Amino acid sequence: MSEDSLIESTNSLEKPLEEGMAFINSTKGKIIVTATLIVIAFVSCFVLAGHFSSPETYSGIIESLDGKRDTVLALTASSTAASVALSAIPGEACAPMAERFADLSGYFLVIMTAIILEKYLLTTFGFITFAVIIPVCCVLYLISLYIDPQSNYRRSFTKLSTKLLLLGIVFVLTVPLSVFLSDKIEATYNQSINQTIESAEAVVGIAEEATEEVERAEATNPLEFIQQRFEDLQDAAGKAIGAIGEGASWLQGVVGDFVETIAVLLVVSCIIPILVLVLLLWATKLILGLNVDLSLSKVKGMQLSKMVGKKRLKV
C-alpha cells in the first residue's frame, strides 16, 4: 500500500471516530449514553443475574457434570469393594493389591472435588458477572464520561471498565467451554471406564471365591489347615484368582486400568478447566494489548514528512 492510500484510509477511519467522540462528549450524547448505561446496569443486575445464576439455565451442563460424578462414585465404590474383598482373604498374599486399590480413593476424592467445584462455579460466575461486574463496568464508564476527554483519569476508567467486562465474559464462558471439551474427550474413553468397573467387579467375585474356598478348607479339615495355614491360603487364593487366567498379573492389569481411568478423569475434570481459563485470560490480554493508534498527529506527521521529502527532491 502506498503512502497516499495509507493516509487516505487513515483519514477515512479517523473522521467517523472523531464525529462519534464529538457526539458522545456533547450534552445530548452524554444524556443518551447515561440512560443506556443505567438501563444496561438494571437489566443485568435484576434480570440477567437471576437467569444466569439459575441451575435451570445450565441444565444440560449440570447433567453432564452429574454424569461425571456418578462415574467417579461408581469407580470409587468398585475400588473400595475390591480392596475390602481382597483384604478379607486370610493371609498376606493379596494384601499389597488390597492396599493399592485402597490408595486410589484419594485420587477419586480430588476428582470429585473438582467436579463439585465446577458445578457451583457455573452459577456463581453467572451471578458475579451480571450482578456485580457489568453494573460496575457501567458505573466506571459513566464516571469517565463526565471527566475531561484529555485527562488520563478518563482513559484509566475506560480501560478498567473494558478489562472488567472481558473478565466477566471469561467467567461466564470458562465452565461451559471446559465441560464441552471434557465431554468430547470422555466420550472416547467411556467404554474403557465401563470395562474398568467390570474388572473391579470381577476382582470382588474372585476374592469372595477365594475366601469361601479357604473357609471350606478350614471347616472340613481344621487340624491340617492350622498346621499348613500359609500354604493352604496361598493355594486357595492362587486357584481362585488363577481361574481367571493370569492371577496376580491380571490384578496388576486391573490396577493399571484404574490408574489410566484416573488419569483421564484428572485431565477432563481438573486440567482442562484450568487450561480453558488460562487460554481465555490470555486471549483477553491479547485483545487488550491491541493498540490501534489512529491519531491525527501521526497522520499529519506522515503528511509533513512527505511534503519535506518532495521539497528536498526539488532542491
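All of these numbers come straight from a predicted model, not from anything done at the bench. Computed over heavy atoms, backbone and side chain alike; hydrogens, waters and symmetry mates excluded.
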Which residues satisfy the side-chain contact (heavy atoms from CB on, under 4.5 Å) test with [X], sequence neighbours excluded?
X	answer
Leu277	Val170, Thr174, Leu281
Lys163	Lys159, Leu288
Leu173	Ile169, Leu177, Leu280
Ile143	Val139, Ile147, Phe157

Which pair of heavy atoms, one from [X] and one from [Y], lies closest together, and at what distance?
X	Y	answer
Ser144	Thr158	OG-OG1, 3.5 Å
Val172	Pro176	O-CD, 3.2 Å
Val72	Phe108	CG1-O, 3.7 Å

Value rounded to 0.5 Å, distance of [atom1] in [X] from [atom2] in [Y]:
X	Y	atom1	atom2	result
Thr284	Leu167	OG1	CG	7.5 Å
Cys138	Ile38	SG	CD1	9.5 Å
Leu166	Leu286	CG	CG	11.0 Å
Ile128	Ile134	CD1	CD1	12.5 Å
Arg154	Tyr146	CZ	OH	10.5 Å

**Message:** I'd like to know if the side chain of Ser161 reaches the main chain of Cys137, judged simply by a donor and an acceptor atom lying under 3.5 Å from each other, with no hydrogens or angles considered.
**Reply:**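 Yes.
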Hey, any chance [X] and [Y] share a hydrophobic cluster, counting ILVMFWY side chains that come within less than 4.5 Å of each other, even indirectly?
X	Y	answer
Leu181	Ile271	yes
Val175	Val110	yes
Val276	Ile185	yes
Ile31	Leu37	no
Leu104	Leu73	yes

**Message:** Among residues at least two apart in sequence or on other chains, which ones pass side-chain hydrogen bond (donor to acceptor under 3.5 Å, both in side chains) with Asp70?
**Reply:**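 By the side-chain hydrogen bond (donor to acceptor under 3.5 Å, both in side chains) rule, Asp70 matches no residue at all.
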**side-chain hydrogen bond (donor to acceptor under 3.5 Å, both in side chains) partners of Thr162, counting only residues at least two apart** =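 Per chain and number, Thr162 pairs via side-chain hydrogen bond (donor to acceptor under 3.5 Å, both in side chains) with no residue.
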**Request:** Only pairs at least two apart or in different chains count here, so list each salt bridge (charged side-chain N to carboxylate O under 4.0 Å, His left out) that has a residue in residues 101-113.
**Result:**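 Listed by first then second residue: nothing to list.
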**Asked** Could you give all pairs that pass the salt bridge (charged side-chain N to carboxylate O under 4.0 Å, His left out) test and reach residues 173-183, with sequence neighbours left out?
**Response**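 Listed by first then second residue: Lys68-Asp183.
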List, one per line, each side-chain donor-acceptor pair under 3.5 Å for residues 39-54, sequence neighbours excluded.
unit_1	atom_1	unit_2	atom_2	d
Ser44	OG	Phe130	O	2.5
Ser53	OG	Ala49	O	2.6
Ser53	OG	Gly50	O	3.4
Ser54	OG	Glu56	N	3.4
Ser54	OG	Glu56	OE1	2.5

**Prompt:** With Phe171, which residues qualify under ring-ring contact (aromatic ring centres under 6.0 Å, His included), at least two apart?
**Reply:**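 Counting only residues at least two positions away or on another chain, Phe171 forms a ring-ring contact (aromatic ring centres under 6.0 Å, His included) with Phe125.
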Going by atom type alone, with no hydrogens or angles, which donor-acceptor pairs under 3.5 Å involve a side-chain atom of residues 261-268 and a protein atom two or more places apart or on another chain?
unit_1	atom_1	unit_2	atom_2	d
Thr261	OG1	Thr196	OG1	3.2
Thr261	OG1	Asp257	O	2.9

**Request:** Evaluate the side-chain proximity of Tyr107 to Val259: yes if any heavy-atom separation is below 4.5 Å, no if none is.
**Result:**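 Result no, sub-4.5 Å side-chain heavy-atom pair not found.
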Which pairs of donor and acceptor atoms, one on a side chain in residues 112-123, lie under 3.5 Å apart (sequence neighbours left out)?
unit_1	atom_1	unit_2	atom_2	d
Thr113	OG1	Leu109	O	2.8
Glu118	OE2	Ser178	OG	3.2
Lys119	NZ	Asp66	OD1	2.9
Thr123	OG1	Tyr120	O	3.3

